[in-house]
Amino acid sequence: MKKITLITTVSLLIAAPAIQAGDAKAGKTKAVVCTACHGPEGKSNNTMWPNLAGQQKGYLIKAMKDFRDGKRNDPLMTPMAKPLSDEDIENLAEYFSGLGK
């Protein structure tokens with residue numbers, strides 16, 4: 001029984017979609033546009049826009065994909081996210097999640 005459980009667990013882990021490592025340097029380059037609202041180094045001076053520095057990578061990926069794919073809508077954020085590729089989003093998430101640590 002333990003052997004079957006182990007095989008099943010390993011199979012599920014292999015089949016599960018992995019979060020790509022992302023490239024923080026490429027994310028930093030892409031993030032130049034983000035600083036207008038989210039501030040330099042991902043810390044906003046305006047309470048209307050959240051800080052991105054130090055957010056969990058998975059959360060950032062989900063939020064940006066949701067804006068891009070129309071699952072979340074915001075008059076400012078949605079148009080900014082529309083042109084982002086999955087790779088862009090992973091790179092941005094890698095960059096912002098690493099700030100403030």
Legend entry - Shortest non-hydrogen contact between E90 and K57, atoms and distance: O-CE, 4.1 Å

Inset, instruction - Any chance you could measure D69, atom CG, to M64, atom CE, to the nearest 0.5 Å? - result: 12.0 Å

Legend entry - Pairs flagged by salt bridge (Lys or Arg N to Asp or Glu O under 4.0 Å) wherever residues 26-55 is involved - sequence neighbours left out: K30-D88

Between side-chain atoms of residues 46-53 and protein atoms elsewhere (two or more places apart, or another chain), which donor-acceptor pairs fall under 3.5 Å?
residue: N46; atom: OD1; partner: M48; partner atom: N; Å: 2.8
residue: N51; atom: OD1; partner: S44; partner atom: N; Å: 2.7

Legend entry - side chain to side chain donor-acceptor pair (under 3.5 Å) involving D66 - partner list, sequence neighbours excluded: K62

Inset, instruction - Give, for atom CG of N73 and atom OG1 of T78, the distance between the pair rounded to the nearest 0.5 Å. - result: 4.5 Å

Legend entry - A81 to F67 - nearest heavy-atom pair and separation: CB-CB, 3.7 Å

Legend entry - Shortest non-hydrogen separation from D23 to N91 and the atoms involved: N-OD1, 2.8 Å

Legend entry - Over 12 foreign heavy atoms within 6.0 Å of NZ, K82: yes

Inset, instruction - Could you tell me which non-hydrogen atom of I61 sits nearest to which non-hydrogen atom of A93, and how far apart they are? - result: CG1-CB, 3.5 Å

Inset, instruction - Search all heavy atoms of F96 against all heavy atoms of G42 and return the closest pair with its distance. - result: CE2-CA, 3.8 Å

Inset, instruction - Applying side chain to side chain contact (heavy atoms under 4.5 Å, CB included), name anything that partners T29, two or more places apart in sequence or on another chain. - result: none

Legend entry - Minimum-distance pair of heavy atoms, taken over all atoms of L60 and S97: CD1-N, 3.9 Å

Legend entry - Listed partners of A63 passing side chain to side chain contact (heavy atoms under 4.5 Å, CB included), at least two apart: Y59, R72

Inset, instruction - Under 4.5 Å between side-chain heavy atoms, chaining through other members, with only Ile, Leu, Val, Met, Phe, Trp and Tyr counted: pull out the rest of the cluster around V33, sorted by chain and number. - result: M80

